[in-house]
Amino acid sequence: MNKKRFYITTPIYYPSGEPHIGHAYCTTLCDVFARAKRMRGFECYFLTGTDEHGQKIEQNALKEGKDTQTYIDEKVAVFKKLWTAMRISNDDFIRTTQERHMKVVQEVFTKFLKNDDVYLGSYEGWYCTPCESFWTDTQVGENHICPDCGREVKREKEEAYFFKTNKYLKELEKYYDNPDVIYPLNRKTEMINTFIKPGLEDLCVSRTTFKWGVPIRENKEHVAYVWLDALFNYLSALGYGSENDELYKKFWEDPESEIIHVIGADITRFHTIYWPEFLSALNLRLPDRVFVHGLLMMKDGKMSKSKGNVVSPYPLIDRYGVDTVRYYLTREVVFGSDGQFTPEQFVERINVDLVNNLGNLVKRTVSMITKYCDGIIPEFKKVINELDKELESIVPLTIESYENKLDDLHITEAFIDVFNMLGRANKYIEEMAPWTLAKDPSKKEELDSVMAHLAYVILVGAKLLEPILVETSSKIYTQLGLENGIDYKEIKDSSRLNGLKVVNMDALFPRLDVAKEVEYIKDLMAKK
């Protein structure tokens, strides 16, 4: 899609516990996408935040003997601290306890009442407090287990408002006709077969058994069900319904803006069934894409404090650097599929890609230019030999592939292509053997060409990796004599480095002792 601007959102996180590397995964990938779009000259508005209402929050605050708002403020501060540590470049951080958000939810509920989209009834069924989800007898089975989280559910009965889901079923089916709106495609198939074909039940959209939520103006005994409440963060953050709605007009109403929600698999139903229906009821535009990412798992399943298998990003950042953690999250798990965190994979990925492929290429090239060319990058001349020609041809192909894959949220694959280009440059060094060329004065032009080609590939690689390597790319520019870096549109100019003086610096990434670092990470995982 050739859009002028982009609105990308993470799920808003439920801050009932400490954030871990699984939380960092989704937010980092969205950050990489947002940075890449901005780098290429597009407007991009990047939103994250916290989902702060519901029975679970109220109960947790009570257990700790704290006022609920005080409890939630403390939890939210921890998430914000993590995003700062991970160098997340979000444009806004929405909290569902903020007045700007609560007002939108109340006004939406009023519209639903006026349009006869909701009605007052009573609910009796199974409720999972940790997931804030209602389930049918069939879904929880004989053992009364939540199909999402595996915990035991409880029978609940209460007065509630219900949203008429079948009223907007045609709009939902029309939305599903577009093959690109839900990715991966099997998630859409799952929604159709599991929820739509058997017959959509009306959705409970209010609660009366607790008070920690957005009060319904028309019936003060009710608070908005947390899932209706949470979904409207995507609009409230843009100023929907307020006097200051410039962002809403620019990033939601304007057809030149692409709206992308990135979510976890466990909240697919709410984002791909009820959210499009809510928007249809309000006659609002539907999202262009809902991208369902996989989970970052451990060997013994999903990360959880009770299992003692949670990995905190902080000690990893402190020991290995933020770029290393950001790169691992982007590269190790294909965005859209489930992946697994292991200490062995983490250390191997650093050594193979960042130390060997990128770090060694930069170090060797700068050292050789210093040694063979008096530290001055030679003039780039096209096609001295077939190997030069091959390396040159890879660069525009990599740039094109990188842009296309990132546009389609195939983020992992885009950066694999970049490292394949760098790997080809490393092989080119061995094939051209500049240390041999340097011994023959008649090969000076060929030697200069090798140095110029290597420097250019490194420059392109550093720019393409900039959305992940927020600290390292600038170090590479400095070594290539570009103290202030380059603009993205300059990367196709192979003469950009002609005559610049290189700067020798320490290795970008130190090689890790595999056994020692694996043991260190295992110790981290063992500490609850």
Side-chain angles (χ1 to χ4, degrees), residues 8-35 45-61 63-64 66-102 130-132 149 212-214 226-227 229-234 236-238 261-267 270-271 293 295-296 302-306 309-318 322 325-326 328-330 341 470 524 527-528:
I8 186 164
T9 69
T10 72
I12 52 171
Y13 300 101
Y14 205 60
S16 58
E18 296 294 313
H20 51 65
I21 202 165
H23 295 107
Y25 170 65
C26 174
T27 310
T28 300
L29 270 290
C30 289
D31 180 65
V32 168
F33 176 87
R35 285 176 178 270
Y45 201 80
F46 170 27
L47 177 70
T48 189
T50 40
D51 175 10
E52 302 176 19
H53 288 130
Q55 195 170 4
K56 185 177 178 181
I57 295 288
E58 189 176 75
Q59 289 177 353
N60 287 355
K63 283 178 189 174
E64 293 193 17
K66 292 178 179 176
D67 167 75
T68 313
Q69 189 65 56
T70 302
Y71 168 84
I72 202 68
D73 287 347
E74 291 172 356
K75 293 294 182 185
V76 170
V78 176
F79 272 81
K80 285 188 168 183
K81 181 184 174 188
L82 176 58
W83 302 153
T84 300
M86 288 295 300
R87 300 288 295 276
I88 304 301
S89 64
N90 54 296
D91 296 285
D92 195 3
F93 188 99
I94 186 74
R95 299 183 58 182
T96 57
T97 54
Q98 289 171 334
E99 186 180 347
R100 61 171 173 158
H101 174 77
M102 294 174 69
C131 291
E132 303 280 5
C149 72
W212 187 247
V214 180
V226 70
W227 273 110
D229 170 5
L231 286 164
F232 278 93
N233 88 88
Y234 303 128
S236 63
L238 296 179
H261 295 320
V262 179
I263 61 166
D266 53 340
I267 56 175
F270 297 102
H271 282 81
H293 71 77
L295 294 172
L296 186 59
K302 193 174 176 180
M303 291 187 199
S304 71
K305 288 198 293 182
S306 59
N309 66 355
V310 170
V311 179
S312 169
Y314 290 112
L316 298 178
I317 293 169
D318 289 343
V322 67
V325 179
R326 286 173 61 92
Y328 175 81
L329 292 174
T330 307
F341 177 92
V470 294
L524 284 181
K527 293 176 183 175
K528 291 192 181 181

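Just so it is clear, the model here is predicted, and its values are computed rather than measured.
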Atom pair OG1/CE of Thr96 and Met102 - distance to nearest 0.5 Å = 8.5 Å

Rounded to the nearest 0.5 Å, how far apart are CD1 of Ile12 and CG of Leu47?
-> 8.0 Å

Of all heavy-atom pairs between His53 and Val226, which one has the smallest distance, and what is that distance?
-> O-CG2, 3.5 Å

From Asn90 CG over to Tyr45 OH, what is the distance, rounded to the nearest 0.5 angstrom?
-> 9.0 Å

side-chain contact (heavy atoms from CB on, under 4.5 Å) between Leu316 and Leu524, worked out = CA-CA 9 Å; Leu316 298 178; Leu524 284 181; 4.1 Å; yes

Checking Asn233 side chain against Ala230 main chain: does a donor-acceptor pair fall under 3.5 Å?
-> yes

Salt bridge (Lys or Arg N to Asp or Glu O under 4.0 Å): pairs with one or both residues in residues 88-102, sequence neighbours excluded = Arg38-Asp91, Glu52-Arg95, Asp73-Arg95, Asp92-Arg100

Step-by-step side-chain contact (heavy atoms from CB on, under 4.5 Å) determination, Met86 to Asp31 | CA-CA 10 Å; Met86 288 295 300; Asp31 180 65; over 6 Å; no

Taking only distance into account, with no hydrogens and no angle test, what donor-acceptor pairs under 3.5 Å do side-chain atoms of residues 22-30 form with protein atoms, sequence neighbours excluded?
{"residue": "His23", "atom": "ND1", "partner": "His20", "partner atom": "N", "Å": "2.9"}
{"residue": "Thr27", "atom": "OG1", "partner": "Tyr13", "partner atom": "OH", "Å": "2.6"}
{"residue": "Thr27", "atom": "OG1", "partner": "His23", "partner atom": "O", "Å": "3.4"}
{"residue": "Thr28", "atom": "OG1", "partner": "Ala24", "partner atom": "O", "Å": "2.6"}

Is the Phe33-Phe46 ring centre distance short of 6.0 angstrom?
-> no

Looking only at non-hydrogen atoms, find the nearest pair between Ile8 and Ala34 and report the distance.
-> CG2-CB, 4.3 Å

Could you tell me which residues satisfy salt bridge (charged side-chain N to carboxylate O under 4.0 Å, His left out) with Asp51, sequence neighbours excluded, listed by chain and number?
-> none

For Leu231 and Phe270 the tightest heavy-atom approach is CD1-O, 3.7 Å

Partner of Pro15 under side chain to side chain contact (heavy atoms under 4.5 Å, CB included), picked from Thr50, Val78, Asn60, is Thr50

If you take all heavy atoms of Thr48 and Pro11, which pair is closest and at what distance?
-> OG1-O, 4.2 Å

Just grab all the salt bridge (Lys or Arg N to Asp or Glu O under 4.0 Å) pairs involving residues 77-87, residues at least two apart or on different chains.
-> Arg87-Glu471

With Ala85 via side chain to side chain contact (heavy atoms under 4.5 Å, CB included) - residues at least two apart = Tyr314, Ile317

What residues, two or more places apart in sequence or in another chain, satisfy ring pair (Phe, Tyr, Trp, His ring centres under 6.0 Å) together with Tyr234?
-> His261, His271, Trp275

From OG1 (Thr10) to CZ (Phe93), nearest 0.5 Å | 8.5 Å

On a heavy-atom basis, the closest approach of Ser236 and His101 is OG-ND1, 2.8 Å

